[in-house]
2 protein chains.
Amino acid sequence: MTIKDIASRCGVSVATVSRVLNRFPHVHPALRARVEREIRRVGFRPNGVARSLVLKKTRTIGVVVADITNPFYSEIARGIEDQVRAHGYTSVLCSTDNLPKRQLEYLQTLLEKRVDGLILGSVRRREPEVAALAHNGFAMVLVNRSFRSPHVDSVVVDNYAGARRLMEYLVGLGHRLIAHIRGPLQFSTGYDRYRGYRDSLRARGLTPDPRYVVSGAFRREDAVVATRRLLELRPRPTAIFAGNDLMALGALEALAEAGLRIPADMAVVGFDDVELASYWGIRLTTMSQRIYEMGRLAVDLLMERIEKRRRERRAIILQPELVIRGSCGGQPISGGLGQGSLPLETHLDRAQLRRPQG
Amino acid sequence: MTIKDIASRCGVSVATVSRVLNRFPHVHPALRARVEREIRRVGFRPNGVARSLVLKKTRTIGVVVADITNPFYSEIARGIEDQVRAHGYTSVLCSTDNLPKRQLEYLQTLLEKRVDGLILGSVRRREPEVAALAHNGFAMVLVNRSFRSPHVDSVVVDNYAGARRLMEYLVGLGHRLIAHIRGPLQFSTGYDRYRGYRDSLRARGLTPDPRYVVSGAFRREDAVVATRRLLELRPRPTAIFAGNDLMALGALEALAEAGLRIPADMAVVGFDDVELASYWGIRLTTMSQRIYEMGRLAVDLLMERIEKRRRERRAIILQPELVIRGSCGGQPISGGLGQGSLPLETHLDRAQLRRPQG
DNA sequence: CGACAGTAGCAAAACGTTAGCAGAAAACAA
DNA sequence: TTGTTTTCTGCTAACGTTTTGCTACTGTCG
């Protein structure tokens with residue numbers, strides 16, 4: 001069933017059908033009605049592939065993230081999806097598991113499918129192929145992570161400042177032996193947070209002890225292993241700054257396993273403030289970023305590019321915000337019997353704030 | 001840059017270039033090498049849109065779920081993505097927030113984009129438009145939720161049996177006053193689990209008290225409100241069967257807020273076994289389903305349809321499995337000081353099991 | 001040496017739209 | 001009535017591929 005069939009059934013030309021389909025002027029109301037009725041009657045849907053071919057536009061954007069299963073990325077993806085939809089576009093989502101090879105494969109596929117633009121949430125600090133693509137004028141924006149020398153549009157949070165703020169907080173609580181489970185240094189998130197950690201110590205006149213820094217791939221399981229290693233150290237650290245919330249959860253797991261109480265025996269902070277950081281039973285102190293919002297902003301930036309309303313580069317750097325829950329003292333972290341429960345309203349507000357009713 | 005440009009640069013016809021692109025025979029090795037070199041040199045990528053138009057095949061499948069932010073769906077989506085990729089296809093993912101209108105919109109868009117097939121994870125029990133589509137021979141499989149009269153391929157878990165098993169467990173622990181926070185009855189998941197709850201009580205000669213059944217939309221926040229209502233009841237229930245894990249988390253939150261201890265004052269069970277149900281600080285007893293695997297199976301079913309290897313309907317019904325953690329007794333639920341921590345290996349195994357290394 | 005496979009390569013016709021140009025009809029003004 | 005807009009509609013050439021039929025070469029063998 002094509003536009004041609006509709007045309008012959010109505011005794012008009014394909015041009016006319018195309019015009020009623022696209023609500024163009026200069027078609028007689030009566031004729032328009034007749035064609036529309038026929039279209040509905042046979043349930044005709046124009047072929048978007050053919051349309052894309054002639055328009056050189058797919059109204060589709062590619063989104064690549066590290067792992068959609070990661071609550072951080074699923075929230076970003078949701079922000080992107082909603083805003084993309086608002087612009088009348090569709091998004092196709094890909095998870096790379098941080099594998100450069102897989103990222104390249106997906107990029108190729110998306111390019112071959114002729115997406116109108118790209119939102120990348122999983123780039124490394126150095127990524128020549130990708131940078132070249134942007135340089136060639138392909139519409140693209142980085143989100144969450146950015147390049148070392150960012151000549152590309154991006155929306156990120158100030159990870160360095162966030163890390164320093166977090167460290168200030170821990171030091172302010174009296175901690176001196178602070179360990180860091182850092183993310184991979186190839187990623188700007190891992191790199192900047194680590195720099196913030198290191199510089200904070202130095203600024204306090206504390207020499208960073210390399211044994212107190214262990215690495216993980218931003219995954220919960222990695223932090224479990226890393227934390228076990230940290231616990232063997234003497235003197236034992238009194239606080240752990242995890243590179244993200246997921247790793248903070250892994251740290252909590254390992255600490256519980258070792259029989260340590262939180263926060264009495266060990267303080268833990270994360271980074272990101274994914275929704276589950278606020279759940280009962282977890283109550284993680286962390287640096288909060290507007291994750292959903294970042295996704296939306298990335299789309300807005302991208303659309304400006306796609307519609308050629310802007311040529312110069314633009315980078316949005318958001319400031320994260322410290323949210324204090326139970327994992328460093330103040331409120332005890334474990335729930336039960338009325339202690340340490342945040343008033344519920346806070347959660348409801350958060351939920352609404354993250355996801356405006358759509 | 002098109003196939004035509006490559007052709008003229010190499011002094012051959014477009015047909016030849018097309019043949020080297022598609023690794024067809026009957027092209028001289030020397031020529032093939034020359035063309036391939038040129039293709040690489042100028043970085044040519046064939047236009048997938050044009051190809052799709054002539055092939056009448058996009059190698060793309062549409063996936064619609066309720067909410068990608070929901071860990072259950074993000075895990076299913078991940079299973080789908082991985083398996084779809086293994087088949088050389090791409091998936092485009094849409095979140096409907098369980099809004100029928102939005103689902104229909106997305107369906108229209110996907111159809112217009114000429115996806116080769118559809119995986120739907122958010123259907124209601126009755127969905128005439130969708131059923132009609134499948135009836136017309138469009139390749140489609142339902143996952144997680146199914147239709148009332150399923151004439152469509154699907155992969156679901158046996159929710160009824162799961163609910164009964166869960167109730168048996170609670171009754172076995174001595175509970176008689178068991179409340180249920182059920183999901184919407186329009187969804188087979190909500191409906192079947194509720195039936196399981198009700199029939200279990202009846203089978204025990206207990207008459208289901210309607211006050212003990214409250215509803216929510218499978219969201220955590222809903223369960224917080226619902227649980228508050230349950231706590232006002234006299235006699236107060238001693239156990240809560242939440243319609244899914246997210247709602248179980250909401251129940252835990254409300255119970256903590258009310259100063260109740262878990263599981264001493266109230267037992268809680270969920271359904272699904274999303275990854276975070278096993279986290280430290282949560283340790284939810286729940287019915288486990290192989291979520292990631294369901295996504296993969298759905299893709300396999302769909303591919304059989306797309307490649308016309310099967311005409312008759314096929315429904316895969318998986319059996320869920322009870323996993324006992326801390327929320328009903330046995331192990332205490334709150335972490336800290338060596339109590340109630342599951343050996344770590346369990347978690348690592350789970351992670352591997354869910355997501356085979358890719 | 002001629003017939004015959006088999007191999008290489010080309011030209012052109014799809015695929016289902018959009019859009020520019022042009023013609024016809026209708027409306028309006030003189 | 002005629003000339004001039006204005007409004008409507010049709011024809012046709014793209015868009016960038018794949019595929020089919022055809023021709024023109026090679027060798028090979030009887």
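Just so it is clear: chains get the letters A, B, ... in the order the sequence lines come, proteins before strands, and each one is counted from 1.
Glu81(A) and Ser95(B) are linked by a side-chain donor-acceptor pair at a separation below 3.5 angstrom, with hydrogens and angles left out of the test. For the residue pair Thr58(B)/Lys113(A), the side-chain donor-acceptor check at 3.5 Å is not satisfied. Side-chain atoms of Gln108(B) and Arg45(A) include a donor-acceptor pair closer than 3.5 Å.
Across every non-hydrogen atom of Val42(A) and Met1(A), the tightest pair is CG2-SD, 4.1 Å.
Every side chain to side chain donor-acceptor pair (under 3.5 Å) that Glu307(A) has, sequence neighbours left out, goes to Arg309(A). Annotation: salt bridge (Lys or Arg N to Asp or Glu O under 4.0 Å) contacts of Arg9(A) (sequence neighbours excluded): Glu38(A). The side chain to side chain donor-acceptor pair (under 3.5 Å) test applied to Ser188(A) returns no partner, not counting sequence neighbours.
Taken to the nearest 0.5 Å, the CG atom of Leu93(B) stands 9.5 Å off from the CD1 atom of Ile61(B). Here CZ of Arg51(A) is found 9.0 Å from CZ of Arg59(A). Values are rounded to the nearest 0.5 Å.
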Letter by letter from the 5' end, nucleotides 8-13 of chain D scores (B base, S sugar-phosphate only, - none; protein heavy atoms under 4.0 Å) SBBBB-
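When DNA chain C is scanned 5' to 3' for any atom under 4.0 Å from a heavy atom of chain A, the first and last hits are dG16(C) to dA19(C).
For DNA chain D, the residues of residues 38-60 of chain A within the heavy-atom distance limit of 4.0 Å (strictly under) are Leu53(A), Val54(A), Lys56(A), sorted by number.
Geometrically, Arg19(A) does not engage Phe24(A) in a cation-pi contact, judged by NZ or CZ lying under 6.0 Å from the ring centre and within 45° of the ring axis.
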